[in-house]
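Below: one structure, written as structure tokens.
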Amino acid sequence: MSSAASPVRAGNTNYLELFDTAGDERKFPLVRQWMNSEPLSFFAQLREERPVLTTPAATLVARFADVTDILNQPKIFTVALYQPKMSDYLMAHDDDALHYREKSIMQGFLNRDDIPAVRAMVAQISAGILANAGGAIEIVNSYCRMTPACLVQQYFGLDGVDSASLIEWSYWNQYDAFHNQPFSEVSDEMRTHISSKHEEVTAKLGAYLKKLILRKLIEVKAEAVATLPLTLEHDIVELVRGKPAYELKDDIVSRMLRTSYPEAMEFDLQRVGINAGGLLVGAIETTSQAVAQVIQFLLDRPHLLSAAREAARLPDPQSFDGMVWEALRFAPIGPFLFRKASQDCVVGAGTPHETAIPAGTIVLALAQSAMFDRAAFDRPDEFMGGRNWYRYFHFGFGSHECLGKYVGMVMIPEMVRQVMLLPQLQAGGPIDYQAGPFPERYELAWRAQ
């Protein structure tokens, strides 16, 4: 997985020489190996010598200017590879009416005014899990996945189901969409297994969402009669819920169902369900990976760990948050964003590395490489908290930037902060990925209070 390897070439490895002399069947496997084991040194050579690298499986793009140019052209560099995995969810659409309309609607429901309360909720959930752990925890499953699952229940409103189910549904959706692609390193047997699990959990999620929406719709309708005469209100409320509707808590799904949409907006109950499912899928596994990898990054570097622990105790979290985002630059949840060219086009037009991209080409926009480009980052090889947030790619870039970005911007650092506050914190070993793309086990211990 991604690491904080030095940008200096590991052992003076000349990656491009090895690539050029390899047979076609070995070229892309070599590239994947280097991206997994020594990405920063490999990317450094690409940026310097071959900013656009063509392989039989995909074309890699390494410089900041070219990566942002690609991600700003969604009709040309498309998310066509998402479509078989995400059905008709807005993120599988490229700069069309549905994507623009539904992302705008959902951004309104995910009110940024909620963010301080969301952070407080995350802090409370996280602190509670750690306090009950008794000084030792396998943190991936019991914390990194559990905290966002609880937020999904309490804030997003996907309640009435156990956390384990939410975690499983998010896991297999993420696995199939982002790690079961033509360029992914998986066997044919594993591809079939991932697809089968995705189909299985999608059916379960769909059945759950139908029941959820029906239940919450009844609750919302009951809430609407709270202003009627007392006897009529009592009769209706008792019939549909058995308790006063005005006690309902606020959550995103309920907000969606309380809202009336003109027919022209094409946002019916089916679209409500699809977007509610999207909130779940995007929240758990990505958060879990980011949190686990930042914790490991800091624990592996005593000088940074000391600074992070000091910043975690400050009343203003800004300095601490900046350290988290900088750690994710070195240890991101993935080194690239993938797109598919819809037409013949050019990358790096007017530069010495200008490269023709034929229609149908899979393009890997190397976001991690772009975050080490001197054209965009001052002294990129150094760890510097508090960098310009807008240069990071942690939540994507352009029209496909993560819908829940502002929730993630407080959830991820707050989860890490709560761990950094634990006394005498230490890891029992490195993260265990169990030969997959996600952290699966990571043992931590500390002095129990």
Side-chain angles (χ1 to χ4, degrees), residues 2 35 39 43 58 60-83 85-86 89-96 98-100 102-104 106-107 110 112 148 170 173-179 181 183-184 275 278-291 293-294 321 324-341 362-373 376-377 387-413 437-438:
S2 299
M35 284 196 289
F43 294 155
L60 283 66
V61 180
R63 288 188 182 172
F64 183 91
D66 296 327
V67 167
T68 54
D69 188 44
I70 286 169
L71 298 177
N72 274 325
Q73 300 182 71
K75 283 293 192 183
I76 297 174
F77 297 98
T78 73
V79 293
L81 293 173
Y82 290 10
Q83 291 168 5
K85 313 290 187 177
M86 297 185 184
Y89 181 50
L90 70 92
M91 297 305 282
H93 287 250
D94 279 301
D95 196 22
D96 61 9
L98 186 147
H99 182 277
Y100 188 84
E102 295 197 359
K103 192 168 189 180
S104 299
M106 294 306 297
Q107 285 173 328
L110 292 166
R112 286 181 64 179
S170 173
N173 271 276
Q174 285 284 331
Y175 208 142
D176 196 29
F178 299 104
H179 301 282
Q181 293 290 348
F183 52 83
S184 300
N275 280 279
L279 292 174
L280 161 67
V281 171
I284 298 179
E285 202 56 44
T286 50
T287 299
S288 172
Q289 184 170 7
V291 171
Q293 290 180 181
V294 170
D321 292 2
V324 170
W325 305 130
E326 183 70 347
L328 273 176
R329 187 169 69 95
F330 287 87
I333 64 173
F336 58 78
L337 301 167
F338 59 89
R339 298 291 187 264
K340 188 173 183 178
I362 295 174
V363 177
L364 305 185
L366 301 176
Q368 186 179 20
S369 175
M371 291 190 291
F372 282 82
D373 189 336
F377 286 79
R387 290 185 183 271
N388 181 349
W389 162 261
Y390 296 101
R391 299 292 173 88
Y392 289 129
F393 293 86
H394 300 326
F395 293 93
F397 188 87
S399 67
H400 283 282
E401 189 175 48
C402 177
L403 171 66
K405 176 179 74 171
Y406 291 104
V407 173
M409 285 177 67
V410 295
M411 178 160 58
I412 291 169
F438 306 122

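The figures here come from the full heavy-atom set of this structure, side chains too, leaving out hydrogens, waters and symmetry mates.
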Are Tyr82 and Arg339 close enough that some pair of their side-chain heavy atoms sits under 4.5 Å apart? yes

In Å and rounded to the nearest 0.5 Å, what is the CG to CD distance from Leu280 to Gln174? 9.5 Å

Taking the six-membered ring for Trp, are Phe438 and Tyr175 ring centroids under 6.0 Å apart? yes

Side-chain donor/acceptor of Thr287 to backbone N/O of Ala283, under 3.5 Å: yes

So, Phe330 versus Phe372, ring centres under 6.0 angstrom or not? yes

Compute the ring centroids of Phe336 and Phe393, then answer whether they are less than 6.0 Å apart. no

What's the shortest heavy-atom distance between Arg391 and Ala376, and which atoms? NH1-O, 2.7 Å

Tightest non-hydrogen contact, residues Lys103 and Ser399, listed as NZ-O, 2.8 Å

Identify the heavy atoms of Asp94 and Ala80 that sit nearest to each other, and give their distance. OD2-N, 4.2 Å

Is the number of heavy atoms from other residues, nucleotides or ligands under 6.0 Å of Lys85 NZ greater than 12? yes

To the nearest 0.5 angstrom, please state how far the CD atom of Glu401 sits from the CG atom of Leu337. 11.0 Å

Quick one: salt bridge (charged side-chain N to carboxylate O under 4.0 Å, His left out) partners of Lys75, sequence neighbours excluded? none

Any Tyr406 side-chain heavy atom under 4.5 Å of Leu110 side chain: no

In Å and rounded to the nearest 0.5 Å, what is the OG to CE distance from Ser369 to Met35? 11.0 Å

Given 3.5 Å as the limit, does a donor-acceptor pair link the side chain of His400 with the main chain of His93, or not? yes

Test item: Ile412 and Phe395 side chains (from C-beta on) under 4.5 Å apart, heavy atoms: yes

For the atom pair CG (Asp373) and CG (Asp66), what is the distance rounded to the nearest 0.5 Å? 9.0 Å

So which heavy atom on Ser170 is nearest to which on Val281, and how close? OG-O, 3.3 Å

Is there side-chain contact between Trp325 and Pro413, with at least one heavy-atom pair below 4.5 Å? yes

On a heavy-atom basis, the closest approach of Leu98 and Leu90 is CD2-CA, 3.8 Å

Ignoring hydrogens and geometry, is there a side-chain-to-backbone donor-acceptor pair from Ser184 to Gln181 under 3.5 Å? yes

Rounded to the nearest 0.5 Å, how far apart are SG of Cys402 and NE2 of His394? 13.0 Å

Establish, yes or no, whether a centroid distance under 6.0 Å links the rings of Phe183 and Phe338. yes

With Arg387 as the cation and Tyr392 as the aromatic partner, state whether NZ or CZ is under 6.0 Å from the six-membered ring centre and within 45° of the axis. no

Considering non-hydrogen atoms only, spot the tightest contact between Arg63 and Ala370 and give its length. C-CB, 4.4 Å

Indicate yes or no for a side-chain donor-acceptor contact from Asn72 to the backbone of Gly398 under 3.5 Å, with no hydrogens or angles considered. no

Inter-residue atom distance Thr78.OG1 - Gln83.CD, 0.5 Å rounding: 6.5 Å

Using a 3.5 Å distance criterion without hydrogens, assess whether the side chain of Gln107 forms a donor-acceptor pair with backbone atoms of Leu403. no

